[in-house]
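We use all heavy atoms of the structure for the numbers below, so side chains are in, but hydrogens, waters and symmetry mates are not. In what follows, chains are A, B, ... by sequence order, proteins preceding strands, each numbered from 1.
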Amino acid sequence: MTAGSQTTDDTTPLLQVDDLAVHFHINRGLFRSNDVVRAVDGVSFTLNRSETLGIVGESGCGKSTLGRAVLQLLKPSQGSVVWLGQDLTKADTETMRRLRKDLQIIFQDPLASLDPRMTIGDIIDEPLMTHFPELSRSERRERVRSIMDRVGLREQMINRYPHEFSGGQAQRIGIARAMILSPQLIVCDEPVSALDVSIQAQIVNLLTHLQREFALSLVFISHDLSVVRHISHRIAVMYLGKLVEIADRNALFAKQHHPYTKALISAVPVPDPRVERSRQRVVLVGDLPSPIDPPSGCRFRTRCPIAQAPEIQKVCATAEPPLTEVAPGHRAACHFWQQA
Amino acid sequence: MTSLDSVPETAPLLAVDRLNTRFDTPEGEVAAVNDVSFTIQPGETIGIVGESGSGKSQVFLSIMGLLAINGRATGSVRFRGEEVLGIPRQRLNRIRGRHMSMIFQDPMTSLNPYLKVSQQLNEVLMQHMGLGQREATKRSIAMLDLVRIPEASRRIDMYPHEFSGGMRQRVMIAMALLCQPGLLIADEPTTALDVTVQAQILDVMEDLRCELQTAIVLITHDMGVIARLSDRVMVMYGGRVVETGPVQALFDHPQHPYTAGLLRAMPRVDRHGTSELYVIPGQPPNLQYLPAGCAYQDRCPHVHDRCLGDVPPLIATAPGRAKACFLDQIHSDA
């Protein structure tokens, strides 16, 4: 199973995610309701070597849960995550520990993900101590210094504490900690969302450079379509736990085959008054439905501009649209994608 | 409709003159707002853009008398000709909520979770306009209709937690506009919302400013939101206004290196630019240790000796335009 075009000559994907689901059971109240939140519900995609896959969607679409489930930081309820031929969902603790060297993550709030009582040097060093206990302290220090230099942190900062750093610098520390083990895959969960515009550009460029230099594969999770457009080779769009569209970056921005993708792109304000005020906008009605009780059939139908006609609504309410190939490497999950 | 490049010339609704805001902290004094002067005309929408710590929110918190306890503002703020800075709370309360109102990023911090929305809306009308319960409810429902809350007459009796984030922000906008104030200050009104919901809220604000002729101050870090809704823009950096101008002119030909840098550093959803984003090097300044001279000196590609010693004043460069920079002119590749 392949999705999208190959960006490398390597034909087997690095990562193959198949029918992945994460369901959270909510046991609350006196009578312990059996509500289930289907945060991620049957998502499949592949990721190639040196490829950046952007995952976009609004709050509650399951994009962060998906990122954590891929790394087995959350236990998937069903499906498989095959990393270089090995199914991570079936791997034992020891195997997983060994593989973690290659699978890293960086978070949105860099300060919250750094231990306030550890120095920067120790924070970046910690993964090395865990995975390479045979290295001497001075060898490890040398590697820490070298990666700090690579991500733009001055050597003198090595004995400082996280609170002394601004948001942008703290994110560099998070990136250094993820990079120190020379991983093959980094899941970036909203890495620039908490940063000011001028700092955001610095971090986006740093990630782009690292990705090229080390042939990294990135899963770049974000709600910001402008940033995702800039950094990704391929883009997956999620809505209420489902993948609704996935395609090469340029193909997706040239033509959207799912009405949600279209609405999402048209809703992002463009920093040019002339363009912004003359744009055709698809304004969605209503709010995101509850993921505990998603609409039947197509989950987007309650807000969909196409599904408003009664005869169309009937189809959308009964059958769930499969992710279909609408063009080579371009898949969308809409019964009426030809009208989108 | 408002034109993009109009220069208003009537008596100002709000005139701010040399506003300075200081905070006393255990680590020393923080200079949050420095010599800020500007005017707002009736009915215009002015966008205030800047990064965190630029002072953009503190200017308007000073004007509304909402500074934290360790803050104090000096200078002059005249609303319809009347001085409002430092006046007694009782007099200020006759203006706030009635003639000037403010909404914030997180509506839940401004809504009382224990009270039905109807009580919170009606209170405003009964307090400020002296309306009776029945008349107030009628006006409140009409206002909820105006901000496009479906089934307003039913929903008005719900509690804030029963509304979604986007709906709550609409309730806040409705509440702020109940008395048809001359000025609405919106501080990052859509920052906490998803883009599709943000688009709905911006639509509502666009309609309302035409319908009610309320002047709107739109404080945001998002140049896209500014482009969508403002007539005029004021760019802030290090607690100062560094550039101001009509929206189209400012976006087309930014005159301050910071404005130019900010516009170039933003990736755009409508086109794919170069593989490298333009980078403004360094960090925003620490307001506690502002350098002598221009606050942007450490990050500016055009910095020269004079910028290190003197603070560049905000000087008019064309009708309706001003910049605080010693440079004669910046090139588009700046």
Inset, instruction - Rounded to the nearest 0.5 Å, what's the gap from CZ on A/Arg281 to CG on B/Leu202? Could you check? - result: 8.0 Å
Inset, instruction - Heavy-atom distances under 4.5 Å only: say whether B/Gln198 touches chain A with side chain, backbone, both or neither. - result: side chain
Legend entry - Atom group of A/Val197 that falls short of 4.5 Å from chain B, counting heavy atoms: both
Inset, instruction - Please report the shortest heavy-atom distance between A/Gln200 and B/Pro267, naming the atom on each side. - result: NE2-CD, 4.2 Å
Inset, instruction - Taking all non-hydrogen atoms of both residues into account, name the closest pair between B/Val279 and A/Gln202 and its distance. - result: CG1-CG, 3.5 Å
Legend entry - Segment of A/Ser198 engaging chain B (4.5 angstrom heavy-atom cut-off): both
Legend entry - Chi angles and distances behind the side chain to side chain contact (heavy atoms under 4.5 Å, CB included) call for B/Met223, A/Asp272: CA-CA 8 Å; B/Met223 283 296 222; A/Asp272 182 334; over 6 Å; no
Inset, instruction - List the atom of A/Ala201, the atom of B/Tyr278, and the distance in Å for their closest heavy-atom pair. - result: CB-O, 3.5 Å
Inset, instruction - Go through the side-chain N and O atoms of A/Arg249 and B/His272 and say whether any donor and acceptor fall under 3.5 Å apart. - result: yes
Inset, instruction - Using atom types as modelled and distance alone, determine if a side-chain donor or acceptor of A/Arg277 lies under 3.5 Å from a backbone N or O of B/Ala227. - result: yes
Inset, instruction - Specify the closest pair of heavy atoms between B/Gln200 and A/Val285, including all atoms of both residues, with the distance to one decimal. - result: NE2-C, 3.9 Å
Legend entry - Considering all heavy atoms, the nearest A/Ala267-B/Ala199 contact: CB-CB, 3.9 Å
Legend entry - Top of A/Ser226, A/Ser266, A/Gly168, A/Gly167 for chain B proximity - count of heavy-atom pairs under 4.5 angstrom: A/Ser226
Inset, instruction - Run the salt-bridge test on B/Asp252 and A/Arg274 with the 4.0 Å N-O cut-off and return the result as yes or no. - result: yes
Inset, instruction - Can you measure from CZ (B/Arg268) to CZ (A/Arg229) and round to the nearest 0.5 angstrom? - result: 10.0 Å
Inset, instruction - Could you tell me which portion of A/Asn205 (side chain, backbone, both or neither) has an atom closer than 4.5 angstrom to a non-hydrogen atom of chain B? - result: side chain
Legend entry - Contacting moiety of B/Pro281, where chain A heavy atoms sit under 4.5 Å: backbone
Inset, instruction - Find the distance between CG (B/Asp194) and NE2 (A/His223) and round it off to the nearest 0.5 Å. - result: 8.0 Å
Inset, instruction - Against chain B, work out which of A/Leu284, A/Val227, A/Val275, A/Val270 has the most heavy-atom pairs shorter than 4.5 Å and name it. - result: A/Val270
Legend entry - Inter-residue atom distance B/Leu262.CG - A/Asp196.CG, 0.5 Å rounding: 9.0 Å
Inset, instruction - Verify the distance criterion only: is there a donor paired with an acceptor across the side chains of B/Glu276 and A/Thr208 at less than 3.5 Å? - result: no
Legend entry - Part of B/Leu229 within contact of chain A (heavy atom distance under 4.5 Å): backbone
Inset, instruction - Answer yes or no: is there a side-chain heavy-atom contact under 4.5 Å between A/Glu58 and B/Val195? - result: yes
Legend entry - Distance in Å, A/Ile265 CD1 paired with B/Thr196 OG1, rounded so as to fall on 0.5 Å steps: 13.0 Å
Legend entry - Toward chain A, the part of B/Arg299 with a non-hydrogen atom under 4.5 Å: side chain
Inset, instruction - Heavy-atom pairs under 4.5 Å with chain A are the metric here; pick the option from B/Gly53, B/Gly165, B/Gly282 that has the most. - result: B/Gly282
Inset, instruction - Taking all heavy atoms of B/Glu51 and all of A/Ile199, pick out the closest pair and write down the distance. - result: OE2-N, 4.5 Å
Inset, instruction - Measure from the side-chain N and O atoms of B/Arg228 to the backbone N and O of A/Pro269, and report whether any donor-acceptor pair falls under 3.5 Å. - result: no
Inset, instruction - Would you please test B/Val269 and A/Phe253 for side chain to side chain contact (heavy atoms under 4.5 Å, CB included) and show each step? - result: CA-CA 9 Å; B/Val269 79; A/Phe253 277 92; 3.7 Å; yes
